[in-house]
Every structure is written in structure tokens, then in C-alpha cells.
Asker: 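Quick one: this structure, given as C-alpha cells, is what I'll be asking you about.
What you see is a predicted model; the values in this text were computed from it and never measured.
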Amino acid sequence: MKRQQGSKGKGKPSGRGNGNTRSTSFARGNAPIKKTNPTPKKSGNPDEIRLNKFIANSGICSRREADEHIAIGLVTVNGKVITEMGYKVKLSDEVRYDGASIRPEKKAYVLLNKPKGFATTTSEGKGRTVMDLVANATTSRIKPIGRLGRNSKGLLLFTNDDTVASKFTNSKNGVPRLFHIELDKNLKLEDLKKIQAGFKVEGKLVEVEEISYIDGASKKEIGLKIKNTGNTIIRTIFEYFHYDIISLDCVAIGHLTKKDIPRGHWKHLTEQELNTLKML
């Protein structure tokens, strides 16, 4: 399988200057923070690491700078402010820096062109899943944003970046996805107009960004753009108007397309693609 490697993300701040700025190793008018040598509580759990290393591994800063951030109370563990040098955390702990959740792993952004027959889940025991297809993409613990049904196909984005993932969860301000849908019969123009205008199902308003017929194809083939992470809502739309979906293909996520990604293959987002995604 040909895997395309994307560009690296933006540089992370480190303890070194860049030639134009100085390191922030000193507090205001004070001497550098002296390292203390407390005797941390010993633990036989190999998953426990020092908090400053946890922060450094997340790419936020160096260990020395992490100690400074800890000392002034910018770091919490499981909701509690930690200022103790040498404090140890488990990989499962929730660590936040200045309110933002951090994890000790490299951020990864993988775009898969999903084929039919694979479930969108991270759970084991579900047969073939999309995680099998991206198993060799990265060592980071990525997971899919949203889902495509087992018999659906098309683009699916994976990441361990909660900030990027959160962009997709708001149906009003989220990232639009474009689908090519084939129905069991021609979509009536009056139904197309009703879907475009928005309608209510069990008292809940259902809205789409755009819907249109596919140029040069029968009226069974529809283009639908929607800001929603799942495909259940799509089936709900057409079931409401008494149509069955024969095939469903996600052909674009925001500005991301299937160009140069064969079915069943993946690629890492380039720096430009990632930056554009973050600005949506």
C-alpha cells in the first residue's frame, strides 16, 4: 500500500531561543527555579511518568519550562491543580495545561478512503473495522471523527487532536461533508425542495447545507452537503420521504477530497491541509 506522508505540523515551542527571542526560563526578576530532589512515591506501575515529562512529550514545551508552568499553577491533573515537583501521573489521567487537555503523544491527522465492509468503531470484536485499515498509519492513538456505516464508503478523518475533532461536533458551525448518494428511485423535485428548506422529524428541525441532482446522472443520484458527523441523519432524511439509500459515498470533508487516495488507502494531512482545516 502506498502511503503518503504529510508535512510536519507547526513547530512546537521549546526551551531554546530562536535567535530573536529569549528563553522564558526566568520568572520576573527572580533566579531560575531551582530543581528540588524530593523522593517521589515509588510505584511499580510502568505507566506512571513524571508530570513534567508528560507535558514535554505532549509537545507543549521542554521539561524545564514544564516545571515552571507547574510551579505557577497552570497544570491540573484530574481537575486538581498540581504544583509539586516530581509528581507522577498515569497515562490514563486527565492532564490539562492552561485549561486545554494534553496527551503525551504526537498529534496525527490521517485521511482514509473507506471501502465497504468495514465498521467505523474502535471496539474489538466487531469484525473488520476502519482501525484495521489505518493500523500502520501512526503510533499515536487516533480515532475516527464521526462515522460511516459498514456498507458506506468514502472519506473518514482520524486524529488524536481534540481541538480539531471538536470542530465537527457542532451541526451549525461544524465542518461540512459532501456525499454522493444513490436512491432506490428518482427523488421528486418537491421532496428535494422540502429537504433544502428544512423540515421537522419528531419535533426536531433537520437542516442541510445543500442538496442537488448530480449533473449527467439520473435523478436517483443526489449530492448532499451537511454539517453532521454521522450518517444516521442522512438515512433519517430519506426515510422520512420514503426513499431507500442504495449507496452512500463521502466525497469531501471541508476542502479535503479523495484525490490521490485509492479506496482502502490513507494519507497524512499536509501542513497546508491541516492549517486550512483549523481555520474552518
Asker: Between Gly86 and Arg50, which heavy-atom pair has the shortest distance, and what is it?
Answerer: CA-NH1, 3.0 Å
Asker: Look up atom OH in Tyr87 and atom CD in Glu48, then write down how far apart they are to the nearest 0.5 Å.
Answerer: 9.0 Å
Asker: Quick check: closest heavy atoms across Met131 and Pro144, and the distance to 0.1 Å?
Answerer: SD-CD, 3.9 Å
Asker: For the side chain of Thr83 and the backbone of Gly73, is there at least one donor-acceptor N/O pair under 3.5 Å apart?
Answerer: no
Asker: Can you confirm whether Phe238 sits close enough to Asp191 that some side-chain heavy atom of one is under 4.5 Å from a side-chain heavy atom of the other?
Answerer: no
Asker: Is there a side-chain contact between Leu157 and Leu269, using heavy atoms and a 4.5 Å cut-off?
Answerer: yes
Asker: Keeping to residues at least two apart or across chains, list the salt bridge (charged side-chain N to carboxylate O under 4.0 Å, His left out) pairs with something in residues 236-254.
Answerer: Asp249-Lys258, Asp249-Arg263
Asker: When you measure from the side chain of His268 to the backbone of Ala137, do you find a donor-acceptor pair of N or O atoms at a distance under 3.5 Å?
Answerer: yes
Asker: What distance do Thr76 atom OG1 and Asp93 atom CG have between them, rounded to the nearest 0.5 Å?
Answerer: 10.5 Å
Asker: Given side chains that start at C-beta, do those of Thr159 and Lys107 come closer than 4.5 Å, heavy atoms only?
Answerer: no
Asker: Calculate, to the nearest 0.5 Å, the distance between atoms CD1 and CD belonging to Ile214 and Glu182 respectively.
Answerer: 10.5 Å
Asker: Considering all heavy atoms of both residues, which atom of Leu133 and which atom of Trp266 are nearest to each other, and what is their separation?
Answerer: O-CD1, 3.4 Å
Asker: Return each pair, listed once, that meets salt bridge (charged side-chain N to carboxylate O under 4.0 Å, His left out) where at least one residue sits in residues 114-136; pairs must be two or more places apart or across chains.
Answerer: none
Asker: Can you pull the salt bridge (charged side-chain N to carboxylate O under 4.0 Å, His left out) pairs that have at least one residue in residues 140-156, sequence neighbours excluded?
Answerer: Glu105-Arg141
Asker: Please report the interatomic distance CD1(Ile234) to CD1(Ile226), rounded to the nearest 0.5 Å.
Answerer: 5.5 Å
Asker: Does any pair with a residue in residues 69-79 pass salt bridge (charged side-chain N to carboxylate O under 4.0 Å, His left out), and if so which ones, sequence neighbours excluded?
Answerer: none
Asker: At what distance, to the nearest 0.5 angstrom, does CG of Asn52 lie from CD of Glu65?
Answerer: 12.0 Å
Asker: Quick one: list whatever passes side-chain hydrogen bond (donor to acceptor under 3.5 Å, both in side chains) with Tyr97, sequence neighbours left out.
Answerer: none
Asker: With no hydrogens and no angle check, is any side-chain donor or acceptor of Asn113 less than 3.5 Å from a backbone partner on Gly264?
Answerer: no
Asker: Pairs under 3.5 angstrom only: tabulate donor-acceptor contacts from the side chains of residues 196-206 to other protein residues two or more places apart or in another chain.
Answerer:
unit_1 : atom_1 : unit_2 : atom_2 : d
Gln196 : OE1    : Ile211 : N      : 3.1
Gln196 : NE2    : Glu209 : O      : 3.4

Asker: Among Thr138, Thr270, Asp161, Asn160, exactly one meets side chain to side chain donor-acceptor pair (under 3.5 Å) together with Tyr109. Which residue is that?
Answerer: Asp161
Asker: Check whether any side-chain heavy atom of Ser123 lies under 4.5 Å from a side-chain heavy atom of Thr129, and answer yes or no.
Answerer: no
Asker: How close do Phe54 and Lys90 get, counting heavy atoms only, and between which atoms?
Answerer: CE1-O, 4.1 Å
Asker: Take atom CG in Asp98; do more than 12 heavy atoms of anything else shown fall under 6.0 Å from it?
Answerer: yes
Asker: Find out if a path of hydrophobic residues (ILVMFWY) with successive side-chain heavy-atom gaps under 4.5 Å connects Ile195 to Ile222.
Answerer: yes
Asker: Indicate yes or no for a side-chain donor-acceptor contact from Ser140 to the backbone of Ile142 under 3.5 Å, with no hydrogens or angles considered.
Answerer: no
Asker: Closer than 3.5 angstrom, by distance alone: can the side chain of Tyr243 be matched with the main-chain N or O of Lys220 as a donor-acceptor pair?
Answerer: no
Asker: Does some side-chain heavy atom of Leu248 sit less than 4.5 Å from a side-chain heavy atom of Leu148?
Answerer: yes
Asker: Please determine whether residues Val81 and Val95 belong to a single hydrophobic cluster, defined as Ile, Leu, Val, Met, Phe, Trp and Tyr linked transitively by side-chain heavy-atom distances below 4.5 Å.
Answerer: no
Asker: Drop me the distance from Ile261's CD1 to Leu155's CG, to the nearest 0.5 angstrom.
Answerer: 6.0 Å
Asker: Is it the case that one hydrophobic cluster holds both Leu178 and Leu224, taking links as side-chain heavy atoms less than 4.5 Å apart, direct or via other members?
Answerer: no
Asker: Do Leu277 and Met279 belong together in a cluster built from hydrophobic side chains that touch within less than 4.5 Å?
Answerer: no
Asker: Decide yes or no for Leu111 and Ile253: does some side-chain heavy atom of the first lie under 4.5 Å from some side-chain heavy atom of the second?
Answerer: yes
Asker: In the structure I gave you, are the side-chain heavy atoms of Lys278 and Val164 within less than 4.5 Å of one another anywhere?
Answerer: yes
Asker: Checking His255 against Glu273: is there a side-chain donor and acceptor pair closer than 3.5 Å?
Answerer: no
Asker: If hydrophobic clusters are built from ILVMFWY residues whose side chains come within less than 4.5 Å, do Leu156 and Val251 share one?
Answerer: no
